Amino acid sequence: MDSITQILLGASVAAAVVPKHHRRAALLAGAALGTLPDLDSFPIMLLTDDPVALMTLHRGLSHSLLVLPLVAWAIWAVFRGRDGRVAEAPVRWFWAMQLALVTHPLLDAFTVYGTQLLWPLPLPPVMWSSVFIIDPMYTLWLFLGMLAAAFAGTRPVARRALVLGLALSSAYLGWSLLAKGMVERDAERALVGMGLADAPRFSVPMPFNTLLWRVVAMTPDGFLEGERSLVADSGPMRFRRYPSDTEALAEVAELPAVRRLAWFNHGFMKAEVRDGQLVLSDLRMGAEPDYSFNFAVAERDGEHWRSIPPEQLSWPWEARRRLGEMWARIWKDSAADGRLDAHEGATEGATR
C-alpha cells in the first residue's frame with residue numbers, strides 16, 4: 001500500500017495498545033515504524049542498478065514475518081533499557097512495536113505487487129490482490145480514527161476512535177475479499193465455457209475502488225483480459241484476446257532476469273518485440289496496452305535472442321482518459337463493445 005496508508009496503520013495500532021498517557025507519542029512512533037519496511041528501496045539502490053533486482057528485492061527481507069518480529073524486539077529492547085515510556089509500560093510497548101511493523105507486510109500482501117512474507121524461504125511472493133495500492137475507502141477510516149485520537153489525547157474516546165477506525169478499515173478488507181470471490185466465480189464460469197477451465201489467471205481491482213475488477217487469463221498464444229463491474233454487469237463475463245510472443249519467451253526462459261521475473265510475477269507477463277528488443281511486461285499492474293513495469297531483457301542476434309542487461313522502459317499512459325473511462329465503466333455494462341463472450345471464445349478457439 002501507499003506510504004501514507006502504512007503510516008496511518010502503524011500509528012493507529014501502536015496508539016491503540018499503549019497506555020493512554022503515552023498515546024500521542026505512540027502515534028509518532030507507530031507512524032515511523034509503519035513506514036520503516038519500505039525504506040528498503042534506498043539500500044537496494046546502493047547495491048544495484050539492475051531494474052529487475054530493484055523490483056524483485058523490494059518487499060523481501062524488510063517485509064518478512066520471519067525478520068520483522070526480531071527487528072521490533074531489538075528496537076523495543078534498546079528503548080526499554082532507557083528511562084522513558086517504554087520502560088514504564090514494557091509489555092504494551094512491546095506489542096505496539098510488533099503490531100506496527102508486522103501489519104505493514106500483511107497489508108501489502110492484499111495488493112498485487114508481491115510481498116515475500118516468508119523471506120528467505122524461496123516461495124513466490126504473496127499477492128492476495130484484493131485492494132489497489134491506493135484505496136481511499138480503506139485509508140479514510142484510519143485517518144479519521146487517528147485524527148480523533150490526536151485531538152482527544154488521554155480521553156477514553158481516543159482509543160475508541162482508533163479501534164473503530166481499525167475495525168472499519170479491516171471490514172473493508174473483508175469486503176474486498178468477498179468482492180474478489182464474486183468476480184472470480186463469474187470469471188471461472190466464463191472461462192469454463194471457453195474451454196479454459198485450467199488457465200492460470202488472476203483478478204485485481206481497478207485503481208482506487210473495489211467495484212470494478214480486471215481479470216487476466218493466460219492462453220498458449222497470449223492472454224485474455226476482461227473487466228467485471230459489481231454494480232453494472234450481469235450475464236457471462238466477456239474477455240478480449242491479446243497475443244504474446246510465447247515462442248520468444250520460451251527461448252529466453254532460462255535467462256536470470258527472466259527467471260527472476262517469472263518467479264516474482266507468477267508467470268503473468270507478456271512478451272513483445274520492440275525495436276529489435278524483447279520486452280516483458282508485468283500483466284498484473286496496468287491494463288492493455290499500458291503497464292507499470294516493462295523490461296527489455298534480450299535483443300535479436302540472427303535467428304536467436306541474446307541476453308542484454310535489463311532495461312526498464314516506459315511509454316505514455318493517458319491517465320486522465322483511462323481513469324475517466326474506468327469511472328464510467330463502473331456504472332455501465334459494456335456488453336456490446338466487441339468483447340468475447342463464452343460462446344464466441346469457444347468458437348474462436350476451435351477455429352484456430
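Treat the numbers as computed from the prediction; the structure is a model and nothing was measured.
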Q: Check whether any side-chain heavy atom of Phe295 lies under 4.5 Å from a side-chain heavy atom of Ser281, and answer yes or no.
A: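 Side chain of Phe295 against side chain of Ser281, heavy atoms only: no contact under 4.5 Å found.
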
Q: Mind telling me whether Phe132 and Phe208 have parallel, tilted or perpendicular rings, with 30° and 60° as the class edges?
A: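 Plane angle over 60°, so perpendicular.
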
Q: Look at the side chain of Arg201 and the backbone N and O of Ala197, then say whether any donor-acceptor pair between them is shorter than 3.5 Å.
A: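 Yes, Arg201 side chain to Ala197 backbone: donor-acceptor pair under 3.5 Å.
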
Q: When you compare the side chain of Met237 with that of Leu191, does any pair of heavy atoms fall below 4.5 Å?
A: no

Q: With a cut-off of 3.5 Å and sequence neighbours excluded, list every side-chain donor-acceptor pair involving residues 106-122.
A:
from, atom 1, to, atom 2, distance (Å)
Asp108, OD1, Met1, N, 2.4
Asp108, OD1, Gln6, NE2, 3.0
Asp108, OD2, His63, NE2, 3.1
Asp108, OD2, His104, NE2, 3.1
Thr111, OG1, Arg59, NH1, 3.0
Thr111, OG1, Asp108, O, 2.7
Tyr113, OH, Met55, O, 2.6
Thr115, OG1, Arg59, NH1, 3.1
Gln116, NE2, Thr56, O, 2.8

Q: In this structure, which one of Leu196, Val215, Val216 forms a side-chain contact (heavy atoms from CB on, under 4.5 Å) with Leu224?
A: Leu196

Q: Can you tell whether the side chains of Glu225 and Arg240 come within less than 4.0 Å, N to carboxylate O?
A: yes

Q: When you compare the side chain of Met97 with that of Trp93, does any pair of heavy atoms fall below 4.5 Å?
A: yes

Q: First locate atom CG of Asn209, then atom OG of Ser229, and finally report the distance between them rounded to the nearest 0.5 Å.
A: 8.5 Å

Q: Tell me whether Ser176 contacts the main-chain N or O of Leu173 through its side chain, where contact means a donor paired with an acceptor under 3.5 Å.
A: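 Side chain of Ser176 to backbone of Leu173, a donor-acceptor pair under 3.5 Å: yes, one is there.
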
Q: Side chains of Val297 and Ile308, heavy atoms from C-beta outward: is any pair under 4.5 Å?
A: no

Q: When you measure from the side chain of Arg159 to the backbone of Pro156, do you find a donor-acceptor pair of N or O atoms at a distance under 3.5 Å?
A: no

Q: Can you name the closest pair of heavy atoms from Gly10 and Ala100 and give their distance?
A: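 Looking at all heavy atoms of both residues, the shortest contact is O-CB, 3.9 Å.
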
Q: How many angstroms lie between atom NE2 of His266 and atom CE of Met218, to the nearest 0.5 angstrom?
A: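 Rounded to the nearest 0.5 Å, the NE2-CE separation comes to 13.0 Å.
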
Q: Do the side chain of Arg23 and the main chain of Gly153 share a donor and acceptor less than 3.5 angstrom apart?
A: yes

Q: According to a hydrophobic-cluster definition based on side-chain heavy atoms being under 4.5 Å apart (Ile, Leu, Val, Met, Phe, Trp, Tyr only), do Leu8 and Leu36 belong together?
A: yes

Q: As an exercise, state the distance from CG of Leu178 to CG of Leu230, rounded to the nearest 0.5 Å.
A: 9.0 Å

Q: Any side-chain heavy atom of Leu33 sitting closer than 4.5 Å to one from Ile75?
A: yes

Q: Find out if a path of hydrophobic residues (ILVMFWY) with successive side-chain heavy-atom gaps under 4.5 Å connects Leu123 to Phe268.
A: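 No; tracing contacts between hydrophobic side chains, which count when under 4.5 Å, never links both residues.
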
Q: With sequence neighbours left out, what residues match Trp331 under ring-ring contact (aromatic ring centres under 6.0 Å, His included)?
A: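 With neighbours one apart ignored, the set is Trp327.
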
Q: Is the shortest side-chain N to carboxylate O distance from Asp233 to Lys332 below 4.0 Å?
A: no

Q: Do Asp2 and Thr5 get their side chains close enough for a donor-acceptor pair, meaning under 3.5 Å?
A: yes

Q: If I take atom CG from residue Leu9 and atom CD1 from residue Ile4, how far apart are they, to the nearest 0.5 angstrom?
A: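 One finds 14.0 Å between CG of Leu9 and CD1 of Ile4.
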
Q: Quick one: does any side-chain atom of Arg24 pair with a main-chain N or O of Ala150 as donor and acceptor, under 3.5 Å?
A: yes

Q: Where do Arg284 and Val204 come nearest, in terms of heavy atoms and distance?
A: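 That would be O-CG1, 4.2 Å.
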
Q: Just so I know, are the side chains of Trp213 and Lys180 near enough to count as touching, which here means a heavy-atom distance under 4.5 Å?
A: yes

Q: Once side-chain hydrogen bond (donor to acceptor under 3.5 Å, both in side chains) is applied, do any residues pair with Glu288, and if so which ones, sequence neighbours excluded?
A: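 Result, side-chain hydrogen bond (donor to acceptor under 3.5 Å, both in side chains) vs Glu288: Lys270, Tyr291.
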
